[in-house]
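What you are looking at is a predicted structure, and each value in this text was computed from that prediction instead of being measured.
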Amino acid sequence: MAGSVHGGTENTMTTNALVQLTNVGRTYNNAAVAALDGVSLTVEHGEFTAIMGPSGSGKSTLLNVVAGLDRPSSGRVVVDGIELTGASETALARYRRTRIGFVFQFFNLLSNLTVIENVMVPAQLAGTRPAAARTQARQLLHDLDIASVERSYPQNLSGGERQRVAIARALINKPALVLADEPTGALDSRTGTQVMELLDALNQRGQTILLVTHDVNLATGHGRRVVSLRDGAIVDDARIQPRRKAEPAELVRLGAGEL
Amino acid sequence: MSLRFGLLGLLAAESLHGYEIKQRFEDMLGGTWELNIGSVYQALQRLERDGLVEPVGDRGDRGKQLFRATSAGEAALAEWLEGVDEEPQLLREEIYIKVVLGARRNQNGAMGRLLKRQRHAYLQRLRDLADSEKEAQARGRTELALLFKGGRLHTEADLKWLEACMEELKTR
């Protein structure tokens, strides 16, 4: 493919790893079993990957390791060309601020700041000047259809609006990777669907997303890949085809063998 | 019984001839049940024999005969619609037999490989059903979306069962 005239970034055959875990292990002093045990995983630029597993399967530990919030006991973690394994605390903090966008189940917004101030926080921490941060935040709020609540406080918003604010905050530093941890867990199903459609749209514009969930419908309903974790190990890595134009009769069959 | 009362339900709403019945029925179920015209006529014949439908007017050109539900048909339909379904759980997919038989044969990991591939198929099916459900909902076909949701929830149960099989058979 090298030198090919086809310049599109989608579906290129070349390896284009954004996240690379090699034989990652994580043990805690007080635990008998490893939280992560020999996990190797490559996520390419532009992928929407779901990490699925029951509670205790290691998915939160995996997320924390990729996020630079936790250090593996063994193995190697490279994200966006940055070797996390031996990085200093300062380097890890900078990595989290500039390369990662976090979307949590319970939004984690600051209640004493307005919506736009919440969105501006990561930009200002990364050194963006307030006026520029405000402009960027305003644009994101507009893109996410919540411009009207700019001056509200989080506690006066609906769950869906709060999660949109959190997504705006996650995106403001143009992160290489969005980590979404049960992003619909605190939302009703209709609002949850809207939030997931938002993540789908971001991914279609090229945003790499790692979704962590216990919910198989969430994991299979979005993106193209479902990685299953169990007891700290990857037990399966399935590719999912979106919009496979199946005839209804190929999906559901009623009344076979009637009469 | 579903076909018999499905047709009766259509004929309670309007008079139709055989081919229209086939089309209406298939459309009602979003193409999840394809009928051949022979089984439509067979069902019509039985419904007429039992006094639940009756012909309307004369047989038109090319033999198109309209049918409608009788009042006895209306009553039978109402009774059927209100009846609770207490039939045994239907487990018709071949995978159930394969697991039972495969677990007995226990041939070096063949079952484990099958279960893993079957799990992939279920994951993909969940996506397909979710896509179809969304599409039906977007077209305003709520009742059809519910049918796909039914399929999705069954697949979710199948997936859980498959994972239980994996756990159980691994330990042997």
Side-chain angles (χ1 to χ4, degrees), chain A residues 48-57 184 189-190 192-197 199-201 203 211 213-231 233-259, chain B residues 1-4 6-7 25-36 38-40 42-43 46 90 92-93 112 115-117 119-137 141 144 147-160 163 166-167 170:
Chain A
F48 190 149
T49 299
I51 309 286
M52 179 173 76
S55 58
S57 61
T184 64
S189 72
R190 205 174 63 91
T193 301
Q194 288 167 352
V195 164
M196 289 312 296
E197 281 169 0
L199 294 180
D200 282 336
N203 176 248
L211 166 74
T213 183
H214 71 283
D215 180 349
V216 69
N217 288 302
L218 209 60
T220 54
H222 307 272
R224 294 170 179 241
R225 186 180 180 193
V226 178
V227 175
S228 299
L229 273 185
R230 196 165 274 263
D231 301 329
I234 292 176
V235 292
D236 194 33
D237 188 347
R239 300 285 164 170
I240 306 288
Q241 245 182 291
R243 290 183 292 281
R244 203 178 60 151
K245 292 231 188 296
E247 288 296 311
E250 292 177 295
L251 288 173
V252 176
R253 189 84 45 86
L254 286 169
E258 274 286 331
L259 277 174
Chain B
M1 293 308 268
S2 302
L3 177 59
R4 175 181 172 89
L7 299 198
F25 186 87
E26 289 176 350
D27 183 56
M28 174 172 75
L29 298 173
T32 58
W33 188 346
E34 284 167 22
L35 293 178
N36 67 56
S39 46
V40 173
Q42 196 180 2
R46 291 182 188 181
L90 280 175
R92 279 199 303 225
E93 289 91 342
L115 292 179
K116 188 167 184 172
R117 279 171 23 231
R119 187 170 175 277
H120 282 199
Y122 283 153
L123 292 174
Q124 177 69 53
R125 191 195 286 174
L126 280 178
R127 174 59 164 266
D128 292 336
L129 286 165
D131 285 349
S132 297
E133 189 182 331
K134 257 187 264 176
E135 196 188 291
Q137 198 69 266
R141 294 288 307 266
L144 202 54
L147 205 55
F148 288 123
K149 178 175 258 173
R152 188 163 60 75
L153 294 172
H154 269 87
T155 302
E156 216 181 310
D158 282 334
L159 198 60
K160 282 184 188 161
E163 282 166 2
M166 288 167 145
E167 290 277 304
K170 203 166 24 186

L123(B) versus chain A, the contacting section by heavy-atom distance below 4.5 Å: both
So, taking the atom named [atom1] in [X] and the one named [atom2] in [Y], what distance separates them when rounded to the nearest 0.5 Å?
| X | Y | atom1 | atom2 | answer |
| --- | --- | --- | --- | --- |
| L129(B) | T220(A) | CG | OG1 | 9.5 Å |
| R152(B) | L251(A) | CZ | CG | 12.5 Å |
| T193(A) | Q137(B) | OG1 | CD | 10.0 Å |
| E250(A) | R125(B) | CD | CZ | 11.5 Å |
| L3(B) | L254(A) | CG | CG | 11.5 Å |

- request: Indicate the atoms forming the closest heavy-atom contact of T32(B) with P248(A), along with that distance.
  value: CG2-CB, 3.9 Å
pair R230(A)-M166(B): side-chain heavy atoms closer than 4.5 Å: no
message: What part of D237(A) gets within 4.5 angstrom of chain B, counting heavy atoms only: side chain, backbone, both, or neither?
response: backbone
Sidechain-backbone polar pair: R239(A) side chain, H120(B) backbone, donor-acceptor under 3.5 Å: no
message: So does Q124(B) get a backbone contact from the side chain of Q241(A), meaning a donor-acceptor N/O pair under 3.5 Å?
response: no
Carboxylate-amine/guanidinium proximity below 4.0 Å for E197(A) and K134(B): no
